[in-house]
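The next block holds one structure in the form of structure tokens; read it before the comments.
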Amino acid sequence: MSITTVETWVEPPLRKFVEEARTVLALLLHPSGQVVAQFGFVRAVDVMSACALAAAIHASAGELGKQLEGKAFRGLHHPGRERQLYLAEAATQRGNFIFLTVFDQESSLGLVRLYFDEFCKNLAAAAPAEARRAEPVIEESFEGELNRNLAALFGRG
Amino acid sequence: MSSPFATALAALTRQRGVRASLVVDENDGIVVDSNLQIGQDGDRVAALAASLYRKARLSARAARLGTATFMQLEAERGRICAAGHNDLVLVVVADPAANIGMIRVEMIKAAGALP
């Protein structure tokens, strides 16, 4: 099982989730689109695309939820013919993260939601006290940060 | 407003030793309707029991045993029973000392009436 992370404290909760929920792909990212951890992806370019799309979908769904119900939607599920997608937010003291996972017939939405709730608790418990506040993403540094994270995940520096 | 499953679920939960009865979507593992005693986590039971039942059904078919009609899991502190019909699964969580024969009869009868 190949899990790669930019921040090491993320690995145990993510590993547990993937093992228990039996998902095919998993991705943890900042709401800005910067990757934090991944499971199941082979190419950096796929992670980059998935992060950009997940961040955009999360932002759109959040706004739509606010318009309809006054608060952002908690999770988003998209069933495909062979594979399904679940996208939701995980809150920690290090800030909020977006979690994207893809699963097939080996799992189910109920199992994914069940283990996602546990993942959120484990992630929040594992998050170290905020030693350094995450710097706000500014346009000048965004691409550099993005490339640094992708290089950390896929072993190119 | 009560669902079409409310009467069957209430009848099952009235059986002695039954802690929870649920109708679950087999593919999604999501609760369609439930009748739970206090302290029972319906979502958790639904997701796990549906997954288990689905795998048992597929295993029975792969082993050329035909259609699975009833599944029972005995554990130290309770039992989980499941009976399916089309894409729905009727799930019961019961105490170890519950009269499983009676519960089984009621479940198969109720599962047959699922849409």
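Within every chain, numbering begins at 1; the chains are lettered A, B, ... in the order of the sequence lines, protein sequences first and strands thereafter.
- Linking ILVMFWY side-chain heavy atoms closer than 4.5 Å, directly or via other members, places M71(B) and M107(B) in two distinct hydrophobic clusters.
- The hydrophobic cluster containing V112(A) does not contain V32(B), counting ILVMFWY residues as joined when their side-chain heavy atoms lie under 4.5 angstrom apart, directly or transitively.
- For a residue to count as touching a neighbouring chain, one of its non-hydrogen atoms must lie under 4.5 Å from one of that chain's; by this rule E118(A) touches chain B with the side chain only.
- Atom CD of Q84(A) is separated from atom CG of D28(B) by 6.0 Å, given to the nearest 0.5 angstrom.
- Proximity to chain A (any heavy atom under 4.5 Å) is shown, for D43(B), by neither the backbone nor the side chain.
- Looking at R113(A), its side chain never comes within 3.5 Å of a backbone N or O of I30(B) through a donor-acceptor pair.
- When the shell of 6.0 Å around NZ of K55(B) is examined, it contains more than 12 heavy atoms from other residues, nucleotides or ligands.
- Residue-environment remark: NE2 (H77(A)) exceeds the threshold of 12 foreign heavy atoms within 6.0 Å.
- For L114(A), the part sitting under 4.5 Å from any heavy atom of chain B is the side chain, from C-beta outward, and nothing else.
- Side-chain heavy atoms closer than 4.5 Å link hydrophobic residues (I, L, V, M, F, W, Y) into clusters, and following such links, possibly through other members, connects F41(A) to V45(A).
- Once rounded to the nearest 0.5 Å, the distance linking CG of D25(B) with CG of L109(A) reads 9.5 Å.
- Using a 4.5 Å cut-off between side-chain heavy atoms of Ile, Leu, Val, Met, Phe, Trp and Tyr, with links allowed through other members, L111(A) and F103(A) fall into the same hydrophobic cluster.
- In this structure, R54(B) CZ and S108(A) OG are separated by 8.0 Å, a value rounded to the nearest 0.5 Å.
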